Amino acid sequence: MRILVIGGGGREHALCWALSRAAVVFCAPGNPGTAAVATNLPVAADDPDKLIEAVRARRLDMVVVGPEAPLAAGLVDRMAAAGVAAFGPTAAAARIEASKAFAKRLMAQAGVPTALTRTFTDTADAKRYIQGHAEPLVVKASGLAAGKGAVVCATRVEAAEVAADMLGGRFGAAGREVLVEEFLEGEELSVFVMTDGERWMLLPASQDHKRLGDGDTGPNTGGMGAYTPVSIVTDDLLERVEQRVIGPVLGALAGAGCPYRGLLYAGLMVTPSGDPYVLEFNCRFGDPETQAVLPALDDDLATHCWRIATRETWRPPERLPAVRAAVTTVVAARGYPDAPEKGAAITLPADLPAETLLFHAGTARDPDGTLRVAGGRILCATGLGPDVPTAAERSRRLAEAVTFSGRVFRRDIGWREAARAGAS
Ligand code: AMP
Ligand code: GLY
């Protein structure tokens, strides 16, 4: 099989790596890391005409779309119209991520547990609502904001300022609608579901680390590291997630005339009583969770994608188990997430240590071969092992071995598992 992966970040490098076990892989536009496992094609992810041209010229069998923006813009619809098999939801189904207001309405209709929320387009209305509600509060831009559009506010004053800021244009069109949400206490979980709209299969649940600093401090980011498996995830919890979240929401999407095909990412808060609440849905693989989840599997991902994309009969197992632990540490540039400093030269270790994988995210290569910082999140250092603490140590050592001026990374990815191991 010949597959085109669309995108050029760490998630896409991990997808290319996993798919290349059983397929010939191309990546558009890719990055210096994907070039090692795939053929990079210099076509932008937001150029459907050129992508379709590339699929035809290279006789590719299937397209797998990485990022949310092309999905929300209708890339899969365009591919379908051109007769190209594509793994990912249509634009209508991708609204589950592209419009938080849409996702909330869908959840309300399907009875899916989620934080109590109100949506506003007017600053005065939002402020009045905030005055009447308990602290802390969470304020979110409804549209796509690269994982940075949710702000946990300790006080009503801060919440009112953030809401005014968003409605005043800080996130452009993404902030035209703003959600004000009750704060949920608990532990976050990322659950990836591959689905053809009716059947589904769970990938190993993972935990992201959204805050910039060690000990979960500092601003929210797109994610600073992730690990799998997560020991709070029991069969009972997964059954609850399937019965209360996945089944109802897939049913509601089909009922709304936009059946969901592709990967559905449920971002959950598991409350201290063990109940899963939805924080958000994403219409694609998570980044950086994918850089831990895929290395924890031995499965043939390509076949599942193919069956879903072509609507062939698909009889998936209920779950793909993690056959090993995997931890990924994101190495970012100083200034991330607001204003990352670009351009520094990167030195990579000559040989990767055993049981590690290095995924490129925001790197670029000069004509003379020099690797440079070209984004916010630069590399993802994945460590493997029999358990999370071992994999975490390998991940940290690899992150340490990547050097460039202004390098930033968290040294505590997977800390909850280490704490749980210590407590038991
Ligand atoms: P979102 O973009 O909606 O996933 O929000 C980004 C991050 O903000 C989440 O991963 C959580 O860490 C935090 N967050 C969002 N909503 C809530 C909530 N209702 N209660 C507590 N934390 C939240
Ligand atoms: N890691 C969070 C996301 O992919 O949205």
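Since the structure is predicted, the reported quantities are computational estimates derived from the model, not experimental observations. Ligands are counted one by one from 1 in listed order, and the atoms in each one are counted from 1 as well.
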Fill in the blank from the handout: Any heavy atom of Asn220 under 4.0 Å from ligand 1? The part involved is side chain
Handout entry: Donor-acceptor side-chain pairing of His209 and Asp412 below 3.5 angstrom
Key = no
Handout entry: Crowding at CZ, Arg21 (>12 non-hydrogen neighbours, <6.0 Å)
Key = yes
Problem - Atom CD of Glu318: over 12 foreign heavy atoms under 6.0 Å - result: no
Handout entry: Residue Arg156 excluded, over 12 heavy atoms near CZ under 6.0 Å
Key = yes
Problem - Plane angle bin for His13 and His360 - parallel if under 30°, tilted between 30 and 60°, otherwise perpendicular - result: tilted
Exercise for the section: Select the closest option to atom 12 (O) of ligand 1 among Glu181, Glu188, Glu280, judged by heavy-atom distance. Expected result: Glu188
Handout entry: Phe183: numbered ligand 1 atoms lying under 4.0 Å from its heavy atoms
Key = 20 (N), 21 (C), 22 (N)
Handout entry: Heavy-atom neighbours of Phe404 CZ exceed 12 at 6.0 Å
Key = yes
Handout entry: Element-labelled atoms of ligand 2 that are located less than 4.0 Å from some non-hydrogen atom of Asn282
Key = 5 (O)
Practice task
Would you mind running through ligand 1 and noting each atom that sits below 4.0 Å from a heavy atom of Met269?
Solution key: 21 (C), 22 (N)
Practice task
Answer yes or no: does an N/O atom from Glu280 fall short of 3.5 Å to an N/O atom of ligand 2?
Solution key: no
Problem - Polar side chain donor-acceptor pair, Ser206 to Thr228, under 3.5 angstrom - result: no
Exercise for the section: Identify, by atom number and element, the atoms of ligand 1 in contact range of Leu279, meaning under 4.0 Å from any of its heavy atoms. Expected result: 3 (O), 9 (C), 11 (C), 16 (N), 17 (C), 18 (C), 19 (N)
Problem - Atoms of ligand 2 close to Lys210 [distance to a heavy atom under 4.0 angstrom, numbered from 1] - result: 2 (C)
Handout entry: Geometric cation-pi criterion Arg11 and Phe285, 6.0 Å radius, 45° cone
Key = no
Exercise for the section: Would you mind running through ligand 2 and noting each atom that sits below 4.0 Å from a heavy atom of Asp208? Expected result: 1 (N), 2 (C)
Fill in the blank from the handout: Under 4.0 Å from one or more heavy atoms of Lys140, ligand 1 contributes atoms 3 (O), 15 (C), 16 (N)
Completion exercise
If we number the atoms of ligand 1 from 1 as shown, the ones under 4.0 Å from a heavy atom of Lys100 are 1 (P), 2 (O), 3 (O)
Handout entry: Lys210 neighbourhood, listing ligand 1 atoms whose heavy-atom distance to it stays under 4.0 Å
Key = 10 (O)
Handout entry: Close approach of Glu185 to ligand 1, heavy atoms, under 4.0 angstrom
Key = no
Practice task
Determine, using heavy atoms of Arg211 and all atoms of ligand 1, whether some pair is separated by less than 4.0 Å.
Solution key: no
Handout entry: Ligand-side contact atoms (ligand 2) for residue partner Tyr265, heavy atom cut-off under 4.0 Å
Key = 1 (N), 2 (C), 3 (C), 4 (O)
Practice task
Classify the angle between the aromatic ring planes of Tyr129 and Phe120 as parallel (below 30°), tilted (30 to 60°) or perpendicular (above 60°).
Solution key: tilted
Exercise for the section: Give the numbers and elements of all ligand 2 atoms closer than 4.0 Å to a heavy atom of Gly222. Expected result: 1 (N), 2 (C)
Exercise for the section: Show which atoms of ligand 2 fall inside a sub-4.0 Å distance from at least one heavy-atom site of Gly286. Expected result: 4 (O)
Handout entry: Test log, rule side chain to side chain donor-acceptor pair (under 3.5 Å), inputs Ser142 and Lys100
Key = CA-CA 5 Å; Ser142 178; Lys100 285 185 192 286; over 6 Å; no
Exercise for the section: Kindly confirm or rule out an N or O of Leu184 lying under 3.5 angstrom from an N or O of ligand 1. Expected result: yes
Exercise for the section: Answer yes or no for Pro288: is there a heavy-atom contact with ligand 2 below 4.0 Å? Expected result: yes
Exercise for the section: Would you confirm whether Asp61, through its side chain, and Ile3, through its main-chain N or O, come within 3.5 Å as a donor-acceptor pair? Expected result: no
Handout entry: Arg284 neighbourhood, listing ligand 2 atoms whose heavy-atom distance to it stays under 4.0 Å
Key = 3 (C), 4 (O), 5 (O)
Exercise for the section: Answer yes or no: is there an ion pair linking Glu289 with Arg284, defined by an N-O contact shorter than 4.0 Å? Expected result: no
Completion exercise
One finds that the ligand 2 atoms under 4.0 Å from a non-hydrogen atom of Glu289 are 1 (N), 2 (C), 4 (O)
Exercise for the section: Can you measure from OG (Ser190) to CD (Gln207) and round to the nearest 0.5 angstrom? Expected result: 8.0 Å
Problem - Atoms of ligand 1 close to Ala115 [distance to a heavy atom under 4.0 angstrom, numbered from 1] - result: 19 (N)
